Amino acid sequence: MSAVAVEGVWKYYGDFPALRDIQLEAQPGSCLAMIGRNGAGKTTLLRIIAGFNRPGKGKILIFGKEPRETETRRSIGFIGHGISVYDELSALENLTLYAKLYGLADPRRKAMEWLENTGLERVRDGLVREFSRGMRQRLAVARAFLHNPSVLLLDEPFTALDDRAIAVLQRLLREGLAQGKTVVMSTHQLREALELATHVALLNRGAVAFDGPCTPEMVADPGLVYARYGEG
Amino acid sequence: MSAVAVEGVWKYYGDFPALRDIQLEAQPGSCLAMIGRNGAGKTTLLRIIAGFNRPGKGKILIFGKEPRETETRRSIGFIGHGISVYDELSALENLTLYAKLYGLADPRRKAMEWLENTGLERVRDGLVREFSRGMRQRLAVARAFLHNPSVLLLDEPFTALDDRAIAVLQRLLREGLAQGKTVVMSTHQLREALELATHVALLNRGAVAFDGPCTPEMVADPGLVYARYGEG
Amino acid sequence: MFWWGDKTMRDKILYFLGAAAVLLIARNIYVISGLPGEEAQGAIFKIIFFHVPLAITALTCGTVACVASILYLVKKEMKYDALAVSVTEVGLAFLAGNLITGSIWARIIWGVWWAWDVRLTSALVCWILYASYLMIRHAVEEPTQRAKLAAVVSIFAFIDVPIVILSIRLFRTQHPGPVFFSSTGSFPHDWSMIMMWNLFAMLMLGTVMTMIRLRQEEVQREIDSLRRLAHAF
Amino acid sequence: MDFARLVLVIAAKDLRAEIRTKEAINASAAFALVILLLFSFAFDLDPDTNREIASGLLWLVFAFAGTLLLNRSFARELPNDCLDALVAAPVPPSALFLGKALANYVLLLVIEMLSLVVFGIFYNVRWTAQFGELMVVLALGTWALTIMGTIFSALTVNIRLREVMLPILIYPFLVPALMAAIQLTLEFMAGRPVSIGSEKGGWWLMLIGFDVIYTAVTVVLVEHVLVG
Amino acid sequence: MDFARLVLVIAAKDLRAEIRTKEAINASAAFALVILLLFSFAFDLDPDTNREIASGLLWLVFAFAGTLLLNRSFARELPNDCLDALVAAPVPPSALFLGKALANYVLLLVIEMLSLVVFGIFYNVRWTAQFGELMVVLALGTWALTIMGTIFSALTVNIRLREVMLPILIYPFLVPALMAAIQLTLEFMAGRPVSIGSEKGGWWLMLIGFDVIYTAVTVVLVEHVLVG
Ligand code: HEM
Ligand SMILES: Nc1ncnc2c1ncn2[C@@H]1O[C@H](COP(=O)(O)OP(=O)(O)OP(=O)(O)O)[C@@H](O)[C@H]1O
Ligand SMILES: Nc1ncnc2c1ncn2[C@@H]1O[C@H](COP(=O)(O)OP(=O)(O)OP(=O)(O)O)[C@@H](O)[C@H]1O
Ligand SMILES: [Mg+2]
Ligand SMILES: [Mg+2]
């Protein structure tokens with residue numbers, strides 16, 4: 001059974017079709033890189049998969065279940081454009097909070113652990129308000145991995161990360177994939193993404209223009225996919 | 001006379017020294033790429049150069065003038081982490097507004113022109129609230145270039161832009177440099193940046209670790225600068 | 001007096017002035033206690049010898065704070081900010097004194113602790129305003145920004161001072177009208193002299209307190225800059 | 001029990017954030033103070049009128065301090081899209097909602113006790129005449145404020161519904177509860193007990209009914225409110 | 001003239017944005033109306049008391065409906081760091097400030113007229129007795145509200161604990177203006193004219209003085225306020 005299945009999903013904003021009859025699948029242990037021009041519909045789709053918005057038509061299945069079911073939610077990790085952490089709380093408090101919400105054992109230890117994984121241990125008691133943009137993004141990553149989800153939905157996860165942080169995130173994702181996690185990410189930093197991707201999907205004006213395995217030549221020349229399948 | 005001169009700038013947040021005695025210069029027609037790890041101080045420095053914050057010590061000179069003087073402000077274009085456009089207004093309204101604030105002749109035409117340059121003409125009447133992340137970033141670019149500034153201060157300008165938008169921005173910057181504009185940008189997307197940069201400055205924990213011309217080998221292997229001058 | 005040796009000249013002068021002020025006040029109290037009670041109000045009336053000087057000193061502090069704040073905004077030198085805080089804090093103390101003596105007086109003459117006439121209200125508001133000045137200082141940690149915002153607030157707050165002074169001249173208040181500084185004033189001459197002496201003493205005391213507080217500020221600032229330097233390397 | 005634990009976690013989170021930036025407490029403190037200054041200054045009325053107004057004023061302060069506090073309770077989640085993360089977490093929306101409501105309830109009660117004391121002093125109203133009953137009314141009325149305010153702020157964060165004139169709706173919705181609360185407070189301050197059966201007893205029913213019904217309805221509906 | 005043009009551009013921008021998402025105006029209008037209604041229901045006093053309270057109540061409502069509206073005027077610039085762009089633009093801060101003040105002024109006046117009408121109906125107070133004078137007081141008092149509200153929202157916009165400071169700062173500063181406005185309104189509603197010379201004339205001086213002085217001071221100081 002596929003980890004993530006998008007079945008004929010439509011989404012209208014007013015009468016603007018943001019998504020048009022999307023069909024996508026991701027098997028456990030695979031990494032689907034969703035690419036597409038600005039406004040193609042990547043974020044919209046990811047948010048629908050994550051269950052934040054309901055599709056206008058069609059449906060989403062995570063391991064065959066509705067995304068809104070409590071069980072399913074426990075197995076999803078999401079990074080969006082917003083970083084989803086509280087400015088008034090410290091990095092540690094933020095992670096501890098989420099650890100509690102996910103009912104993890106020993107929340108504080110888990111939090112500390114992930115602060116180290118993302119290289120934030122030195123500022124763990126600093127308020128997020130005072131973080132630099134990249135530090136925030138790192139924290140967002142920590143938040144998403146905290147509860148060891150089996151499906152990771154990442155919207156431009158590499159944004160604002162420095163070379164080191166990118167390396168860390170890539171390592172985390174590789175390990176995850178090795179453990180059979182499923183990753184669906186959208187990004188414009190093709191190089192970083194394609195190094196990991198097992199599959200590539202190209203969205204074009206809300207429709208799937210290309211969907212297939214990630215070939216070595218793509219990795220060699222990331223522009224390729226756009227060049228071949230994107231409209232000029 | 002140098003277009004941008006940073007003279008012994010210090011900046012403290014509480015006891016934390018975000019900037020330590022920064023010395024930098026940028027000549028007209030040159031492009032300074034500011035790189036550095038997350039939390040190095042790039043944003044802080046750019047904001048001080050732009051005159052949003054006053055340095056704790058030291059001073060900034062734009063063409064020998066204070067950044068806060070009206071004349072100077074007219075000659076600065078800034079893109080920050082925030083996009084500085086209004087969610088409740090349409091793309092066109094936003095640009096027209098800024099055109100008026102900068103006292104340009106025929107604001108609406110100017111606005112339209114830049115919507116086309118950034119490929120937003122199709123959504124010019126859409127409210128920014130409804131824009132995708134990349135579309136917002138494009139609009140931010142348009143806003144910064146609108147009044148034809150002679151000094152461009154860009155904080156991670158390539159963020160969230162798709163390949164095509166990046167190409168456009170790079171073209172705009174090249175043209176600008178050719179016309180003798182000055183560009184100071186911070187970024188983590190070294191490849192895109194170094195293609196343009198004439199100089200590179202590496203910030204490390206709020207101090208300048210390296211500052212020099214951008215050599216071909218750097219362009220070939222962007223990681224180089226970090227490897228050589230960054231601490232491990 | 002082992003601690004005397006390490007004091008600077010300025011400190012020594014301060015201590016002398018302080019001592020002098022205290023002595024003068026003591027002397028005034030002695031004289032005042034010697035006076036006969038006022039015919040209408042009796043002994044309690046003597047409280048005016050403190051009530052008024054306290055008020056005038058407080059309002060003077062407000063004025064100084066305003067000037068210091070303006071100077072800061074113009075010159076951007078931290079010493080003016082320091083002066084502003086110090087003098088404001090002292091002023092608050094004196095104004096509190098005025099409020100308290102006032103309402104004691106009120107309790108005995110009017111039979112209530114408080115009445116909402118313009119003078120009393122404006123005086124209270126004045127106190128609140130300078131208190132909020134201190135509050136905003138706590139809300140901003142970045143020194144230059146703090147100094148700047150505080151200066152602005154201080155200037156705003158000062159605008160209430162003339163209202164306090166004019167209140168009894170513009171309106172018919174429960175609070176008695178002008179006795180000094182006005183043609184209608186009917187106040188025995190020798191009493192006025194005592195009043196002046198006490199006023200002088202209070203002003204002196206205020207100055208001394210301000211200087212001491214100012215000294216603290218400067219030391220504190222030195223400590224901060226040293227600590228920051230330590231963090232920088 | 002797990003549900004309760006989650007409710008508490010959410011409540012704790014909100015309370016901590018609120019205590020960091022003492023926003024609500026201060027705002028309402030200032031509000032109370034100024035009503036005080038202005039009204040006391042503007043006119044000195046005879047005790048009864050004074051008491052009558054006091055009861056109305058009290059609930060005015062509560063309602064306003066309440067809305068100051070409540071409107072932000074979900075808006076607080078917007079800045080970094082925190083709401084997404086909460087909705088994504090395996091937390092039943094009703095738990096999320098009740099957690100936030102609880103936090104607001106606590107804060108609101110604190111504020112109200114403060115105002116009560118202050119009012120008591122300056123309006124020399126002996127509001128302790130029937131302390132017990134008064135507290136009950138306070139608890140019930142405050143819960144009405146809280147539940148409505150919280151669900152209302154949940155509705156307004158949802159983009160699709162923001163265009164609707166929700167702000168216009170909230171206060172009118174509250175009118176019945178507030179009316180009841182004001183009337184009862186009035187009686188108790190005057191030292192007149194009010195039994196359910198009695199002529200004024202209808203207010204009791206109104207207040208309690210309001211609480212029960214709205215709580216039930218909101219808990220059921222909140223899921224649909226939160227997921228767009 | 002260029003300065004005036006900029007002021008208008010800013011004002012127009014704010015008004016348009018506010019009219020798009022009627023958040024602030026709805027909230028504060030609703031608040032104003034409901035408070036008025038609640039009170040008129042809550043107790044029926046004899047005409048004079050009623051009128052006395054009315055004038056105080058009216059200005060309280062204005063003050064708080066006002067702050068609801070004004071607090072947002074610079075906060076509105078925060079979400080996308082729009083304030084940066086405004087500060088970066090070659091616009092004199094005073095123009096920026098006056099532009100925003102102007103926009104707020106218009107909105108506030110609208111709300112106040114609304115409340116006045118409602119109020120007239122529900123409090124059967126003939127407030128038209130001296131329409132002209134009343135309008136003047138309204139204009140002056142509202143400007144006082146606007147100028148203070150706007151400058152403080154600017155003052156607190158880029159400091160931590162913004163929400164904490166704002167209400168605490170603004171209300172005490174407003175007291176003198178509000179006292180004056182309340183007193184004058186009281187007189188005019190009672191149909192008693194107030195000439196500058198007369199015993200109550202001091203209030204005129206106070207109100208006008210407040211407006212003039214604070215406007216002048218703010219326009220001078222705003223530059224320092226806006227750049228961190
Ligand atoms: C808490 C209540 C009171 C406050 C806040 C207060 C405030 C003030 C202030 C600020 C002044 C100095 C004004 C100036 O010298 O320009 C003053 C002066 C004075 N107060 Fe009070 N006062 C209070 C109560 C009273 C009472 C109860 C009395 C007597 C019944 C009183 C009698 C006077 C007199 C006679 C002056 C000198 C007036 C003049 O010549 O300027 N005060 N008060
Ligand atoms: N308002 C603030 N209060 C306290 N510390 C701050 C504040 N803003 C930034 N800092 C600290 O200053 C340092 C520099 O921040 P800055 O945003 O300039 O980094 P940056 O180089 O832009 O990083 P990034 O590449 O992630 O954007 C960081 O360590 C950050 O924690
Ligand atoms: N709330 C909304 N209302 C109306 N239209 C919207 C809304 N959100 C998004 N859209 C439109 O839907 C389309 C897809 O948006 P989406 O954010 O999914 O693009 P994206 O692929 O994430 O682009 P980017 O790479 O720039 O993030 C865009 O054209 C956008 O204008
Ligand atoms: Mg997107
Ligand atoms: Mg940055």
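These numbers come from the heavy atoms of this one structure, side chains and all, not from hydrogens, waters or symmetry mates. Keep in mind that what you see is a predicted model, and the values were worked out from it rather than measured.
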Toward chain E, the part of I76(B) with a non-hydrogen atom under 4.5 Å: neither
Contacts with chain B made by residues 10-19 of chain E (heavy-atom distance under 4.5 Å), listed by residue number: I10(E), K13(E), R16(E), A17(E)
Check against side-chain hydrogen bond (donor to acceptor under 3.5 Å, both in side chains), E192(B) and T187(B): CA-CA 9 Å; E192(B) 288 76 0; T187(B) 187; over 6 Å; no
Heavy-atom proximity to chain E below 4.5 Å, by part of T96(B): neither
Passing option when V183(B) is tested against L152(B), V151(B), L32(B), T198(B) for side chain to side chain contact (heavy atoms under 4.5 Å, CB included): L152(B)
Check against side-chain hydrogen bond (donor to acceptor under 3.5 Å, both in side chains), N104(E) and T146(E): CA-CA 6 Å; N104(E) 295 333; T146(E) 311; over 6 Å; no
Distance-minimising heavy-atom pair for K42(B) and G36(B): NZ-O, 2.9 Å
Over all atoms of both residues, closest heavy-atom pair of A91(B) and V128(B): N-CG2, 4.2 Å
Shortest non-hydrogen contact from D81(E) toward S84(B): O-OG, 2.9 Å
Option that, when pairs with chain E are counted at under 4.5 Å, heavy atom only, ranks first among E69(B), E93(B), R47(B), E71(B): E93(B)
Salt bridge (Lys or Arg N to Asp or Glu O under 4.0 Å) pairs, two or more places apart, involving residues 206-223 of chain E: R68(B)-E223(E)
